[in-house]
Protein chains: 2
Amino acid sequence: MNVHFIPAMPRLAPQSRADRRTQILDAAKTCFVRFGFHNASMQQICAAAGMSAGNLYRYFPSKDALIEGICERDLGGAAEGFAEARRASDVLDVLEKMLVGYLWRRPREDLCMWTEISAEAARNEAVNRINRHIYDFIIKSVADVLAQGIANGSVRKGIDTHRQATLLQAFFDGVMLRRAVMPEFDPRPAIRTMMAQVRGSLGPVAKKKSKPK
Amino acid sequence: MNVHFIPAMPRLAPQSRADRRTQILDAAKTCFVRFGFHNASMQQICAAAGMSAGNLYRYFPSKDALIEGICERDLGGAAEGFAEARRASDVLDVLEKMLVGYLWRRPREDLCMWTEISAEAARNEAVNRINRHIYDFIIKSVADVLAQGIANGSVRKGIDTHRQATLLQAFFDGVMLRRAVMPEFDPRPAIRTMMAQVRGSLGPVAKKKSKPK
DNA sequence: ACAAAATGAATGAACGTTCATTTTATACCG
DNA sequence: CGGTATAAAATGAACGTTCATTCATTTTGT
């Protein structure tokens, strides 16, 4: 029995492990959207992933871990978007485009998923941490974009970028929730109106009402 | 055994039935907030209501019915608030006060509850109907209040009241969700900033930038 | 005497997770 | 090349709970 020792063989098909994980996350996302986080059973997710329960648990230690996985993946995508936005010449324009991109062009399932996660975050410690992480990232990114706008003249000086980011974030969440609940809701008019108002108060100075120093 | 017949006695302590129902709804609300809709067990709700399971089912036929009951009750409360708002002289002021009232002064548990219901509405037919009913009512009420503002001069003419209502509603939902998830979040600065921007675009005409006809 | 009100143990289904087992793929040796 | 050893990959039945709902029975109020 005793064979030499540690011949070792850390075999594992090079990228196969990552592939399996995305395959599982895709299946989980589908199930969570369709049935909700609590009503989706692991067996359903296993079936959707074309895989046995025992094997799935080799890649994710629990149902909660699946949410974590999904969030991390989506967050990565958002990071790219913001990186582009910071390079734009009119940042309010690009913020509006991003809103439309996430709230309208994205498949509605994603919005349902995020809504689900937000609700879950109100009482699930682990999910709450993830949600805060995402929130902090978005607020920071939007504030950065606005600061960039101030630097390049597309946004008025002296505004509180953090507070404005909070505002836009709340609007985003509200529309997300609405569209998750009402598939027929078209968020584009609301987005256009919202950004028009934001431009009114953030846009480059309209030269008016200056207290002479 | 055969006693006369139908001596009948539709006894039931006059208001007792309604009392029991509110008692149950209060208990259910507490549990839903603390554990979430799916994780709250009927046995917990029964215990909180000080009542056996069998008896509870005499008043509500299912767990879903409890959600319906809670929604209907809260909707009644909101109706009163809007009725007052319509009588105000500065409607934007009163809308801001209502936002603070619902998003800050109200116990956070209510916000958690509504968030829970919204998420559930994304996939539960019955809850979705209720949610739409509430949404329609709020949009209509806010639009009415704005129309009243136009009538009494506190809101600029020519705006699209329905679209503005949609905007405010989305903002409301977003803040609700944020506060449900982050107990320490203080929504008042965001509300103040939001309403300042709304005033900028809806307030009585600031006499400026008029294209001479 | 009687029915409404209330009880709470029982029921049966469903769930997340585990584990003893089998399959698959590769590395090593002759 | 072929055979064997090895461990990773994968299986799926089983486990122990938990839960919404029911119902035979008792209590209460008139």
Side-chain angles (χ1 to χ4, degrees), chain A residues 1-25 27-28 31-32 34-70 120 124 126-127, chain B residues 1-25 27-28 31-32 34-70 120 124 126-127:
Chain A
M1 292 247 165
N2 190 349
V3 277
H4 303 265
F5 46 157
I6 26 166
M9 213 238 282
R11 274 306 69 211
L12 108 155
Q15 78 211 109
S16 171
R17 196 164 172 86
D19 285 352
R20 283 265 175 284
R21 282 180 62 100
T22 65
Q23 174 186 354
I24 292 169
L25 289 184
C31 291
F32 289 162
R34 184 133 43 208
F35 310 110
F37 179 62
H38 286 285
N39 278 18
S41 77
M42 284 307 250
Q43 338 247 358
Q44 284 171 328
I45 296 170
C46 293
M51 178 181 305
S52 70
N55 201 32
L56 188 150
Y57 272 85
R58 291 193 349 108
Y59 296 94
F60 292 94
S62 70
K63 206 179 179 183
D64 277 352
L66 292 175
I67 290 204
E68 279 184 61
I70 291 172
E120 181 71 12
N124 180 326
V127 177
Chain B
M1 294 248 163
N2 189 347
V3 278
H4 302 264
F5 46 160
I6 28 163
M9 214 236 282
R11 270 311 68 212
L12 108 153
Q15 78 211 109
S16 172
R17 194 163 174 88
D19 284 352
R20 283 264 175 285
R21 282 179 63 99
T22 67
Q23 174 185 354
I24 291 169
L25 289 183
C31 292
F32 288 163
R34 184 130 45 206
F35 310 110
F37 178 63
H38 288 286
N39 279 16
S41 76
M42 284 307 253
Q43 339 245 358
Q44 284 170 329
I45 296 170
C46 293
M51 180 183 301
S52 69
N55 201 32
L56 189 149
Y57 271 84
R58 289 191 355 105
Y59 296 94
F60 292 94
S62 72
K63 208 179 177 184
D64 277 350
L66 292 175
I67 290 204
E68 282 184 59
I70 291 171
E120 182 72 11
N124 180 325
V127 177

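Protein chains get the first letters and strands the later ones, always in sequence-line order, with residue 1 at the start of each. For clarity, every value in this text was computed on a predicted model and none was experimentally measured.
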Sugar-phosphate, base or nothing in reach of Phe60(B), heavy atoms under 4.0 Å: nothing
Using 0.5 Å steps for rounding, measure from the [atom1] atom of [X] to the [atom2] atom of [Y].
X        : Y        : atom1 : atom2 : answer
Thr22(B) : Ile70(B) : OG1   : CD1   : 11.5 Å
Glu68(A) : Ser62(A) : CD    : OG    : 7.5 Å
Ile24(A) : Leu56(A) : CD1   : CG    : 4.0 Å

Could you check which of [options] has an atom nearest any side-chain atom of [X]?
X        : options                  : answer
Ser52(B) : dT17(C), dA9(D), dA6(C)  : dA6(C)
Met51(B) : dT7(C), dA10(D), dG16(C) : dT7(C)
Arg58(A) : dT17(C), dA8(D), dA6(C)  : dA8(D)

Nearest non-hydrogen partners of Lys63(A) and Phe37(A), listed with the distance: NZ-O, 3.0 Å
Considering all heavy atoms, the nearest Ala27(B)-Ile45(B) contact: CB-O, 3.8 Å
Most 5' of Lys63(B) and Leu56(A) on DNA chain D, judged by nearest nucleotide: Leu56(A)
Under 3.5 Å, which donor-acceptor pairs do the side chains of residues 47-54 of chain A form with other protein atoms, sequence neighbours left out?
unit_1, atom_1, unit_2, atom_2, d
Ser52(A), OG, Asn55(A), N, 3.4

Members of residues 35-49 of chain B that approach DNA chain C, where some heavy atom sits under 4.0 Å away: none
Side chain to side chain donor-acceptor pair (under 3.5 Å) partners of Gln43(B), counting only residues at least two apart: none
Between [atom2] on [N] and [atom1] on [X], what's the gap in Å once rounded to a whole number?
X        : N       : atom1 : atom2 : value
Arg17(A) : dA25(C) : CZ    : P     : 17 Å
Asp64(B) : dC19(D) : CG    : P     : 17 Å
Arg21(B) : dA5(C)  : CZ    : C1'   : 16 Å
Asn55(A) : dA8(D)  : CG    : C1'   : 10 Å

N/O (side chain, Tyr57(B)) to phosphate O (OP1/OP2, dC23(D)) under 4.0 Å: no
Under 4.0 angstrom between Arg20(B) side-chain N/O and dA6(C) OP1 or OP2: yes
